[in-house]
There are 2 protein chains.
Amino acid sequence: MRIRIDPTLPTPLFEQLAGAVRSAIIDGRVIGGERLPAARRLAEGLGVNLHTVLRGYRLLRDEGLIELHRGRGAVVATRIGGHAALAGAVHDLVDEAKLHDLPESALLALVSEAYRSAPSAPGVLRTGPTR
Amino acid sequence: MRIRIDPTLPTPLFEQLAGAVRSAIIDGRVIGGERLPAARRLAEGLGVNLHTVLRGYRLLRDEGLIELHRGRGAVVATRIGGHAALAGAVHDLVDEAKLHDLPESALLALVSEAYRSAPSAPGVLRTGPTR
DNA sequence: CGACTTGTTCGACTATCGATAGAACAATAA
DNA sequence: TTATTGTTCTATCGATAGTCGAACAAGTCG
């Protein structure tokens, strides 16, 4: 998995990192159980601080995409499979938005608002960070 | 159009304001050509600063949803019609995300990444703020 | 056990952002 | 003209975000 970080972008480094890994997971390019690079090694390789990498990892953990264990490192969650339907829905939405010439920020705001005012998935115990 | 502002939420006030108006426009609850409240009056009514309201309006203008003119006020853009398909796509995506128990932040990041790495709409001259 | 690896926690610093404020300005409406 | 309305500029203040250094604790492995 190739990870690219650009310090000149307005997007925070830890978010860029998490975004790269997240996409790889959703697209199925990394399988459940696969181990990610150790934070310290990745940090050195990318030229960023240890905490920056760990913050990205922690973000993915809070999203339920990976697991973190001391001494064992970061591992992709096993329950994660290829979310083809999800990836498709994302693609469709982006197409529709660009058709209407709607900017990214507006699209994100719409999704955010819809997410908050929609009922949660049935039969699911919501736990962990709600933010 | 009812607008609610909650200073205790982490979401910035100007974003809350813009979000409320944006949803109303996309959902078709306000029609193209309709005039929005004057910034000074709305600010006083909501108990916020004039600049805060104007920032929200400016955001919507940059998104192409409204028009701003001195002395004339803020008016919903006429080219705006029923974005039923868009609203539907948003709804579908949120459903799919909740089905996979994917948090809001992760969903937004996915959409953002997809938006940036997707080709622009054909035959459309992109202008204005790119951010 | 003992050495090593790896994530965790505490604390701190700096830059940016959000909100407010006041004042003057320019275009439009009545 | 007079009143209205958005625009621009400058400035201040507090809170939040992003990055970083050092010490710590849980786990792995020979």
Side-chain angles (χ1 to χ4, degrees), chain A residues 5-21 33-77 105 108-109 112 128-129 131, chain B residues 3-21 33-77 105 108-109 112 128-129 131:
Chain A
I5 295 289
D6 185 353
T8 69
L9 294 179
T11 311
L13 301 179
F14 77 92
E15 240 179 70
Q16 292 185 38
L17 171 62
V21 178
E34 191 170 337
R35 182 173 174 181
L36 299 176
R40 281 183 178 80
R41 293 203 340 127
L42 185 53
E44 190 177 9
L46 294 176
V48 298
N49 192 274
L50 160 68
H51 297 291
T52 304
V53 172
L54 279 171
R55 182 161 180 190
Y57 278 180
R58 203 179 321 131
L59 182 59
L60 295 174
R61 182 199 57 186
D62 291 347
E63 294 173 1
L65 298 182
I66 70 174
E67 291 178 2
L68 293 177
H69 299 283
R70 285 193 264 215
R72 216 185 315 167
V75 181
V76 178
S105 59
L108 293 180
S112 176
R131 248 173 302 164
Chain B
I3 297 182
R4 285 212 141 289
I5 294 290
D6 184 353
T8 70
L9 292 180
T11 310
L13 301 178
F14 77 91
E15 242 178 66
Q16 293 185 37
L17 170 62
V21 179
E34 192 169 335
R35 180 173 176 180
L36 299 176
R40 281 182 178 83
R41 292 201 342 126
L42 184 54
E44 191 177 8
L46 294 176
V48 298
N49 193 275
L50 159 69
H51 297 294
T52 302
V53 172
L54 280 171
R55 183 164 177 186
Y57 277 0
R58 202 180 322 128
L59 182 59
L60 294 174
R61 182 200 56 188
D62 291 347
E63 294 173 1
L65 297 182
I66 69 174
E67 290 178 3
L68 294 176
H69 298 282
R70 284 189 267 214
R72 216 184 314 168
V75 181
V76 178
S105 60
L108 293 180
S112 176
R131 246 174 302 162

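In what follows, every chain begins at residue 1, and chains take the letters A, B, ... in the order their sequences are listed.
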Options D:dG6, D:dT7, C:dG7, nucleotide nearest the side-chain atoms of B:Arg61: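 It is D:dT7.
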Minimum-distance nucleotide to B:Arg70 side chain [options: C:dA27, C:dG18, D:dT28]: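 The answer is C:dA27, which lies nearest to the side chain.
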[X] has an atom [atom1]; how far is it from atom [atom2] of [N], in whole Å?
X       : N      : atom1 : atom2 : result
A:Leu17 : D:dT19 : CG    : C1'   : 14 Å
B:Ile5  : C:dG18 : CD1   : P     : 14 Å
A:Tyr57 : C:dT5  : OH    : P     : 17 Å
A:Glu15 : C:dT16 : CD    : C1'   : 15 Å
B:Leu59 : C:dC17 : CG    : P     : 15 Å
B:Leu13 : D:dT16 : CG    : P     : 13 Å
B:Asn49 : D:dA11 : CG    : P     : 18 Å
A:Leu60 : C:dG7  : CG    : C1'   : 15 Å

Distance-only donor-acceptor test, B:His51 side-chain atoms vs C:dG22 base atoms, 3.5 Å: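 Between C:dG22 and B:His51, which were checked side chain against base, a qualifying N/O pair under 3.5 Å is present.
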Between CD on residue B:Glu67 and CG on residue B:Leu65, distance to nearest 0.5 Å: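 So the CD of B:Glu67 and the CG of B:Leu65 are separated by 11.0 Å.
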Straight-line distance of B:Leu13 CG to B:Arg55 CZ, nearest 0.5 Å: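 The CG atom of B:Leu13 sits 10.5 Å away from the CZ atom of B:Arg55.
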B:Thr52 side-chain N/O to C:dT20 phosphate OP1/OP2 under 4.0 Å: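 Checking C:dT20 against B:Thr52, a side-chain N or O does come within under 4.0 Å of OP1 or OP2.
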Contacting residues from residues 36-44 of chain B, given that a heavy atom lies under 4.0 angstrom of DNA chain D: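 Heavy-atom contacts with DNA chain D come from B:Ala38, B:Ala39, B:Arg40.
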So [X], base contact, sugar-phosphate only, or nothing? Heavy-atom distance under 4.0 Å.
X       : answer
B:His69 : sugar-phosphate
B:Leu50 : nothing
B:Leu54 : base
B:Arg58 : nothing

Nearest heavy atoms of B:Tyr57 and B:Leu36, plus distance in Å: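 Taking B:Tyr57 first and B:Leu36 second, the nearest heavy atoms are OH-CB, 3.6 Å.
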Distance-minimising heavy-atom pair for B:Ile3 and B:Ala20: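 Between these two residues, the closest heavy atoms are CG2-CB, 4.4 Å.
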Most 5' of A:Arg55 and A:Arg72 on DNA chain D, judged by nearest nucleotide: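 The answer here is A:Arg55.
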Flag side-chain contact, heavy atom, 4.5 Å: A:Leu17 against A:Val48: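 Counting from C-beta outward, A:Leu17 and A:Val48 never come under 4.5 Å.
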Side chain proximity check, A:Asp6 to A:Gln16, heavy atoms < 4.5 angstrom: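 Sidechains of A:Gln16 and A:Asp6: in contact.
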Non-neighbouring partners of A:Glu15 that pass side-chain contact (heavy atoms from CB on, under 4.5 Å), sequence neighbours left out: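 In terms of side-chain contact (heavy atoms from CB on, under 4.5 Å), with neighbours along the sequence ignored, A:Glu15 is linked to A:Thr11, A:Pro12.
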